[in-house]
Amino acid sequence: TRTEPSAFGYEWWVYNQSLTTYLLIGIEGDKVTQAFAAGKNVEVAPYKIGQQLADIYRFTLVQSEITFSIDSNTYTFTLSEEDINNRILVQFDNLFAMLYIDTESQQLEAVRFTDPKTILLHKPYDILYNGIMVEAKTPDSLSQVAIDRANERQIYELTNVYRYRNGLQLLVSDNELQNIAMANSEEMARNNIVANEKFEVSKFSDQLKESSIEFSSAAGNTAAFYFDAGEAVNGWLNSKDHREILLGKDFTHTGIGVYGSYYTQNFIERKVVNTPKNIPQ
C-alpha cells in the first residue's frame, strides 16, 4: 500500500489491505532484510499467528543465550526472563525469528523474521560481542520526522489489528489527539522521562478541554526506548495497565505521537463514531 522510512537504513513496505493479512517487509536496496507479520492469516511457517505457546514449546528449542558469527565477529544475545515469556528468539540458518507472545492469552501475537545484520542494528536483547559491532547511522532531523510519522501510522494500524482480533471496535485516528500525543512525546524526550512513568490522566483531560475535544472517557499509554512500532505495541499488550487501555472496549478514537524513541498513544470515547477509513477488515 505504501513505503515508509525506518531508523535503520531499510525501507518498510506496508501491506495493510486487510487486518487479517497485515504485514511489514523491510527492504534495503534490492534485499529483504526482515518481515514483521501481525495479521492472523499471514503465512509464518513453521509457526502460525494465534498459535498456543504450549504448542510452540513442543517443537521449538527456546534458549536464553544465542551465539552467532558474521565474518570474524562473534555475537551473543542474552534473553531475560521477560524476553523468554513474550519475545522468544529462535535461530535458523542465517535467519532469526522473534516470536511475540501475548502473555495473557498465551498465544503467538506476531512474528518478525530478520537477517543477522538487521537484528544487530535493532539490539532487541542484551548483547556481548567480540569484534566489530554493527551500528545504525543516526538519521538527520528531517529523516527522523518522517520516521516518527511512519511509526505513528504503524502503531495505529497494529492497534486496530489487535483490537479486531480481540473482537473490539476499531479506533478512528484523530488529528487533534495526535497533536497532543506528539507534544507529550517531545516533552518526555526533552525531560528524559523513563518508560514506566505513569500517564497523567488529569493533565490529558485538561488538554482535551483546552482543545475543546468532546469525550466521555479518556486514557493514554506512553513508552520509551523501543526500536519500532511493533516493539512498542507488544510492550503495551504485555503490561496489564497498558493492555487494558489499548484494548479498552469503550474507546472510539486514538491519536499517536512519536518523537524519536518516545511514544504516546491517546484514547478517548465519543458517542458518535465514524468508521475508520483505509483499514478494511
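Any value given below was found using the heavy atoms of this structure, including those in side chains, with hydrogens, waters and symmetry copies removed. Note that the numbering runs from 1 along the sequence shown for the chain.
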task: Compute whether any side-chain donor of one residue and acceptor of the other, for Thr78 and Asp126, lie under 3.5 angstrom apart.
output: no
query: Taking a hydrophobic cluster as the set of Ile, Leu, Val, Met, Phe, Trp and Tyr residues connected by side-chain heavy atoms closer than 4.5 Å, whether directly or through intermediates, do Phe227 and Met133 fall within one such cluster?
result: yes
- prompt: So, does Asn192 use its side chain to make a donor-acceptor pair with the main chain of Met188 at under 3.5 Å?
  reply: no
query: So, Ser239 side chain and Gly235 main chain: donor-acceptor pair closer than 3.5 Å or not?
result: no
- prompt: Do the side-chain N and O atoms of Ser185 and Thr264 include a donor-acceptor pair separated by under 3.5 angstrom?
  reply: yes
- request: Could you tell me whether the side chain of Asn238 and the main chain of Ile101 form a donor-acceptor pair under 3.5 Å?
  value: yes
message: Could you check whether Arg270 makes a cation-pi contact with Phe215, meaning its NZ or CZ is under 6.0 Å from the centre of the six-membered ring and within 45° of the ring axis?
response: no
- prompt: Above 12 or not: heavy atoms from other molecules or residues under 6.0 Å from NZ of Lys249?
  reply: no
- request: Verify the distance criterion only: is there a donor paired with an acceptor across the side chains of Ser217 and Glu269 at less than 3.5 Å?
  value: yes
task: Answer yes or no: is there a side-chain heavy-atom contact under 4.5 Å between Gln107 and Gln51?
output: no
Minimum heavy-atom distance Val42-Tyr22, with the two atoms named: CG2-O, 3.7 Å
Any donor-acceptor pair under 3.5 Å from Asp71 side chain to Asn73 backbone: no
query: Between Trp236 and His242, what is the ring plane arrangement, given parallel below 30°, perpendicular above 60°, and tilted in between?
result: parallel
- prompt: Is there a donor in the side chain of Arg112 and an acceptor in the side chain of Tyr100, or the other way round, less than 3.5 Å apart?
  reply: yes
task: Could you tell me how the ring of Phe8 sits relative to the ring of Tyr10: parallel (under 30°), tilted (30 to 60°) or perpendicular (over 60°)?
output: parallel
field: Sidechain-backbone polar pair: Asn191 side chain, Glu187 backbone, donor-acceptor under 3.5 Å
entry: yes
- prompt: Side chains of Glu109 and Asn234: donor-acceptor distance under 3.5 Å anywhere?
  reply: yes
